[in-house]
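Let me begin by presenting the structure, written as structure tokens, before commenting on it.
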Amino acid sequence: MTEHTGGPPTGTTAISVRDVTRDYRRSRTSLLHASEPVRALRGVSFDVAPGERFGIVGESGCGKSTLLRILSGLDRATSGSVQVEGRDITRLRDRQLRWLRQRLQLVFQDPMSSLDPRMRVRDIVAEPLVAQGRGASRGRVEQLLQAVGLRADAAGRYPHQFSGGQRQRISIARALASTPAILVADEPVSALDVSVRAQVLNLIADLVDELDLTLVFVSHDLSVVRHVCDRVAVMHNGQIVEMGPVADVYDNPQHPYTRKLIAAIPTLTKALSGVTAADLNQETPA
Ligand code: ADP
Ligand code: MG
């Protein structure tokens, strides 16, 4: 699984974001009022080092998904710049986008809407490789399925034949197919039953470890970020209001907004910390 190609020059950051803003044009609701843009991001800057697990937390609507879409080339910043492995991706062209797809892959919140229901798992998992003109052998697909804790015979089935947790495992297998260096996850367990969240989280953490990936992990749930990340940025209203090692930010928050978020954490952290990798394969087929 570790056939990384064309790695970054040593010393470069995995991701470097500088003063990124993103304005969305609001649809005009009244003829009397000029439509002011929605400022989804208001000057966001941070670096992520290779191999780091970087978390972004903040309430719904604070701009997390907008930021991830820009990082992964699905959207463009209104101003500012973004580098991935030292390459400027702020104004992507097709060839760079193909390169970015190989180096950086995404896992979305809802595996049901991000997996094509008409495609067999084998084709879903192989899709990124096919898109890059590389193709995927049967053995490679089975290896990927195994890596995410699914049986090889899952390859011949369709997404609806799996549970939510298993579907997210399929998304993860697909994300790993192109042997990316960076995994970007947007609320990857938020749509799952509480009972399987810890398993999928542990799977992500184990794979990031095993494959030496850089992780950018977004969640509105602080306990989830604490469980998998080394460093965390707290976002509020399109800005990072606090950033630091998870232990510092969680145990000694400086910004009033961070304190407010932490005060609202349920006790899920305790439940999560009791779960080990051995629990991974306990999910039964739907
Ligand atoms: P989060 O992922 O943190 O919940 P988003 O990045 O989805 O936040 O949204 C940030 C802000 O930008 C919100 O106010 C949202 O309504 C707005 N927004 C997001 N996408 C669009 C869009 N395509 N068009 C207009 N406004 C958008
Ligand atoms: Mg979001």
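Here the structure is a predicted model, which is why all the values come from computation and not from measurement. Whatever order the structure lists them in is the order used to number ligands and atoms, beginning at 1.
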What is the closest protein heavy atom to atom 23 (N) of ligand 1, and at what distance does it sit?
-> Y24 CE2, 3.7 Å

Does ligand 1 have a heavy atom under 4.0 Å from the side chain of H236, from its backbone, from both, or from neither?
-> neither

Take the angle between the ring planes of Y158 and H160 and call it parallel below 30°, perpendicular above 60°, tilted in between.
-> parallel

For the residue pair I182 and V84, establish whether any side-chain heavy-atom pair is separated by less than 4.5 Å.
-> yes

Give yes if a backbone or side-chain nitrogen or oxygen of G63 is under 3.5 Å from a nitrogen or oxygen of ligand 1, and no if not.
-> yes

Are R53 and F217 in a cation-pi contact, defined as NZ or CZ under 6.0 Å from the six-membered ring centre and within 45° of the axis?
-> no

State plainly whether the residues K64 and D186 are in salt-bridge range, i.e. N to O under 4.0 Å.
-> no

For residues V216 and I15, determine if any side-chain heavy atom of one lies less than 4.5 Å from a side-chain heavy atom of the other.
-> yes

Heavy-atom protein neighbour under 4.0 angstrom from atom 2 (O) of ligand 1 = yes

Are the charged groups of D251 and R226 less than 4.0 angstrom apart, N to O?
-> yes

Roughly how far apart are Q105 CD and L176 CG, rounded to 0.5 Å?
-> 8.5 Å

Rounded distance [0.5 Å steps], OG in S81 versus CZ in R18 = 7.0 Å

Measure the distance from atom 12 (O) of ligand 1 to every protein heavy atom, then report the residue, atom name and distance (to 0.1 Å) of the closest one.
-> A40 CB, 3.4 Å

Tell me: protein heavy atom nearest atom 7 (O) of ligand 1, and distance?
-> S65 CB, 3.8 Å

Could you tell me which atoms of ligand 1, counted from 1 in the order shown, lie closer than 4.0 angstrom to a heavy atom of R69?
-> 20 (N)

Nitrogen or oxygen atoms of G61 and ligand 1 under 3.5 Å apart | yes

Give yes if a backbone or side-chain nitrogen or oxygen of R25 is under 3.5 Å from a nitrogen or oxygen of ligand 1, and no if not.
-> no

Looking only at protein heavy atoms, which one is nearest to atom 5 (P) of ligand 1, and how far off is it?
-> T66 OG1, 3.7 Å

Is the shortest distance from atom 15 (C) of ligand 1 to a protein heavy atom below 4.0 Å?
-> no

Any idea which heavy atoms bring L115 and P159 closest together, and the distance?
-> CB-CG, 4.1 Å

Which of the atoms in ligand 1, numbered in the order shown and given with their element, are less than 4.0 Å from a heavy-atom of S60?
-> 4 (O)

Does the shortest distance from the Mg ion (ligand 2) to an N/O/S atom of T66 fall below 2.8 Å?
-> no

